[in-house]
Amino acid sequence: MTTADATAPVSTWAPLRSPLYRALWIAQLVSNLGTWMQTVGAQWLLVAEPNAATLVSLVQTAITLPVMLLSIPSGVLADLLDRRNLLLAAQSAMALLAAVLTVATATGHTSPGVLLTLLFLLGCGQAMTAPAWQAIQPELVPRAQIPSAAALGSMSVNIGRAVGPAVAGVLVAASGPTLVFALNAASFVGIVAVLFLWRRPRTDRQLPSERPLAALQAGTRFIRAAPAIRRVLMRSLLFVAPASALWALLPVVAADQLGLSSSGYGLMLGALGLGAVAGAIGLGRLRRWLDPTARLAVAAVLFGAATLGTALLPVLWPVLVLLVFGGLAWLLAMSTLNATMQLLLPAWVRARGLAVYMLVFMGGQAVGSLVWGLVAGAVGVVATLVAVAALLGLCALSTLWLPIRHDPEALDLTPAAFWPEPQLVVEPDPEDGPVLVLSSYDVDPAERENFLAAMAFVGRSRQRTGAMEWRLYRDVGVLDRYVEAFVVRSWAEHMHQHQVRLTAQDRLREQEVRRFATGAEEITHLVAVQPR
């Protein structure tokens with residue numbers, strides 16, 4: 001393989017060569033078509049209601065707000081339970097709820113309250129699905145194809161956005177929303193069938209399963225000790241909080257400012273979706289030209305321009321052109337953020353980390369939709385969207401001092417159990433603890449600064465993998481000796497550190513420390529006891 005071949009970005013289409021990934025992707029695409037058709041039907045039901053701007057924005061809020069309530073618990077469950085079974089249960093429940101919405105609408109019982117309640121419950125199903133769905137992607141494709149898989153996932157959503165609303169607009173105009181609700185209920189059949197037929201390999205557990213609360217705490221510690229991941233979360237919020245305004249207020253712009261019917265509104269959503277599909281097709285080239293931070297800056301500028309044009313232009317066709325670029329920007333931001341998160345997360349905490357990302361991204365969209373709907377009700381839609389475009393410009397500028405990691409693919413997060421097993425004369429119970437681990441290092445005085453810099457990375461590694469506390473001490477009784485001390489909640493969690501949570505990247509950090517230490521490392525394990 002030539003150097004050029006080795007460094008060239010993987011084709012966007014590469015994951016589709018896997019039969020399992022291809023089947024799941026097609027099933028997800030059909031489900032996304034149904035979801036976007038449902039959204040158009042739900043929003044159009046409310047356009048004629050009093051306070052339409054607020055009620056329409058509440059549709060997005062009802063769908064995405066459950067993420068704020070359930071994404072973290074669902075992320076914990078997706079790391080502890082069989083992800084296939086969790087997905088099957090959630091998708092089946094969503095199919096049932098969609099059928100109830102269809103029947104309620106057909107019988108004339110879909111008041112705004114009923115509609116928003118059912119959409120909220122469907123959003124709960126989506127919140128339970130999202131972390132597990134994202135977390136199985138590295139099981140389906142090689143690590144090098146993760147950015148392409150993220151782009152294809154966004155493409156699936158946006159093909160649904162491009163085609164679903166246009167079809168739904170025609171169907172709603174012809175026969176009302178009942179039919180699109182029924183089609184959405186049927187769209188879950190494919191994804192349930194593929195998940196049912198998937199024979200996911202079982203993993204034999206040699207350690208006791210983590211308890212939910214302990215798993216939640218471990219995930220929280222991981223995020224706190226991972227600056228690169230925290231930066232991705234910040235950039236997600238800076239983009240989605242203002243960008244959510246265009247999605248929330250677009251039906252009001254279509255109806256009130258452009259005088260369009262439901263089919264015209266579907267055309268506007270279709271333009272956004274078409275741009276996203278075009279962006280996914282060209283993503284490989286964009287990845288070659290731009291690093292992740294630059295892609296986010298371009299996305300904010302383009303989406304801001306689309307928002308400004310939608311607010312100010314009175315003619316449909318130039319708005320559609322700008323919305324195509326807006327859809328490209330949305331895909332660029334979503335795929336960059338999603339792929340970066342997946343590449344930064346090791347397998348043992350992947351669903352929990354992605355759940356936090358979904359909480360920030362979709363929760364920001366939910367709260368943003370509500371806030372911008374209320375602001376538009378107070379000061380008008382045009383003024384609101386102009387202000388949002390300015391905020392997106394500031395979001396692009398902020399990448400100059402708040403960049404994200406430019407090379408997440410370079411990290412090797414392969415599980416690596418390289419710590420020596422403790423030499424025990426007493427076998428602790430799994431729940432015994434806390435556990436204090438002490439490691440001593442004799443350091444050449446000339447390498448002191450290098451050693452301390454390397455230990456800073458090791459300290460974050462300890463905290464990411466389970467340490468509640470970590471400190472480095474200097475032994476004043478022995479010349480040039482340093483003692484590392486960290487505390488883990490229980491013996492079981494420390495064994496998870498040993499056997500499950502460490503990665504090849506952690507091993508590289510520890511090898512760097514040993515370059516600057518002389519002699520053998522001494523390790524002591526202490527388990528807390530209660531004095532009688």
Side-chain angles (χ1 to χ4, degrees), residues 67-80 83 127-128 130-138 146 150 210-241 292-293 296 333-334 336-367 402-408 411-413 415 456-471 486-490 493-494 496-497 500-503 505-506 509:
V67 175
M68 301 183 67
L69 304 175
L70 296 177
S71 65
I72 300 299
S74 65
V76 171
L77 290 176
D79 276 333
L80 300 185
R83 290 168 183 163
M128 295 299 296
W133 185 267
Q134 295 292 335
I136 66 170
Q137 301 306 303
I146 290 296
E210 295 179 83
R211 295 184 178 181
L213 181 57
L216 175 60
Q217 293 169 338
T220 302
R221 285 193 295 270
F222 183 93
I223 298 295
R224 284 205 310 261
I229 287 178
R230 295 202 310 271
R231 184 62 60 83
V232 175
L233 297 176
M234 181 180 293
R235 293 246 52 100
S236 300
L237 187 59
L238 288 173
F239 176 78
V240 76
T293 300
L296 293 177
M334 284 187 66
T336 299
L337 293 166
N338 186 287
T340 303
M341 280 295 292
Q342 292 206 39
L343 291 169
L344 290 174
L345 289 165
W348 71 271
V349 75
R350 184 176 295 127
R352 279 165 278 186
L354 288 167
V356 174
Y357 165 71
M358 298 299 295
L359 173 62
V360 171
F361 194 92
M362 297 187 69
Q365 188 172 2
V367 174
L402 291 174
I404 62 174
R405 187 181 177 97
H406 70 280
D407 59 344
L411 296 175
D412 186 354
L413 300 183
F457 288 102
V458 168
R460 284 200 289 269
S461 169
R462 306 287 196 243
Q463 292 170 302
R464 284 196 298 269
T465 55
M468 300 186 296
E469 300 177 25
W470 178 89
R471 282 190 181 277
F486 64 91
V487 179
V488 184
R489 185 190 65 86
S490 68
E493 184 149 11
H494 185 50
H496 277 277
Q497 274 189 306
V500 177
R501 297 180 181 177
L502 294 170
T503 67
Q505 194 70 25
D506 296 314
R509 295 301 189 190

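Both backbone and side-chain heavy atoms feed into the values below; hydrogens, waters and symmetry mates do not. When a residue number appears, it is its place in the shown sequence, counting from 1.
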With a 4.5 Å limit on heavy-atom distance, are the side chains of [X] and [Y] in contact?
X	Y	result
Pro403	Arg231	yes
Val500	Pro415	no
Pro138	Arg350	yes
Leu296	Phe239	no
Met128	Leu77	yes

Look only at the side chain of Gln505 and the backbone of Asp412, and say whether a donor-acceptor pair between them is shorter than 3.5 Å.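 Looks like yes, one N/O pair under 3.5 Å.
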
Report yes or no: does Ser461 contribute a side-chain atom to a donor-acceptor pair with the main-chain N or O of Asp506 at less than 3.5 Å?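 Judged by distance alone, no pair lies under 3.5 Å.
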
Step through the shown structure and confirm whether more than 12 heavy atoms of other residues, nucleotides or ligands are within 6.0 Å of CZ on Arg211.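 At most 12 heavy atoms, drawn from other residues, nucleotides or ligands, come within 6.0 Å of this atom.
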
How about Arg471: does its CZ atom have over 12 heavy atoms from other parts shown lying under 6.0 Å from it?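 Atom CZ in Arg471 is not crowded, with 12 or fewer foreign heavy atoms closer than 6.0 Å.
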
Ignoring hydrogens and geometry beyond distance, is a side-chain donor-acceptor pair present between Gln134 and Gln342 at under 3.5 Å?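 Present: a donor and an acceptor within the cut-off.
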
So among Val356, Val349, Thr465, which one has a side chain to side chain contact (heavy atoms under 4.5 Å, CB included) with Phe222?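 Exactly one candidate clears the test, Val349.
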
Of the non-hydrogen atoms in [X] and [Y], which two are nearest, and what is the gap between them?
X	Y	value
Ala218	Arg352	CB-NH1, 4.1 Å
Gln497	Phe486	OE1-CE1, 3.7 Å
Leu70	Ala127	CB-CB, 3.9 Å
Gly75	Ala355	CA-CB, 3.7 Å
Ala225	Gln463	CB-CB, 3.6 Å
Tyr357	Met334	OH-O, 3.9 Å

When rounded to the nearest 0.5 angstrom, what distance separates [atom1] in [X] from [atom2] in [Y]?
X	Y	atom1	atom2	value
Leu237	Phe361	CG	CZ	10.5 Å
Arg462	Phe457	CZ	CZ	14.5 Å
Asp79	Leu216	CG	CG	11.0 Å
Arg230	Leu344	CZ	CG	12.5 Å
Leu359	Leu233	CG	CG	9.0 Å
Met358	Trp133	CE	CH2	12.5 Å

Run the numbers on Ile404 and Thr340 for side chain to side chain contact (heavy atoms under 4.5 Å, CB included), then give the verdict. CA-CA 9 Å; Ile404 62 174; Thr340 303; 4.2 Å; yes

Side chain to side chain contact (heavy atoms under 4.5 Å, CB included) between His496 and Val488, worked out: CA-CA 10 Å; His496 277 277; Val488 184; over 6 Å; no

Glu493 bridged to Arg221 by N-O distance under 4.0 Å: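 Yes, charged N to carboxylate O under 4.0 Å.
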
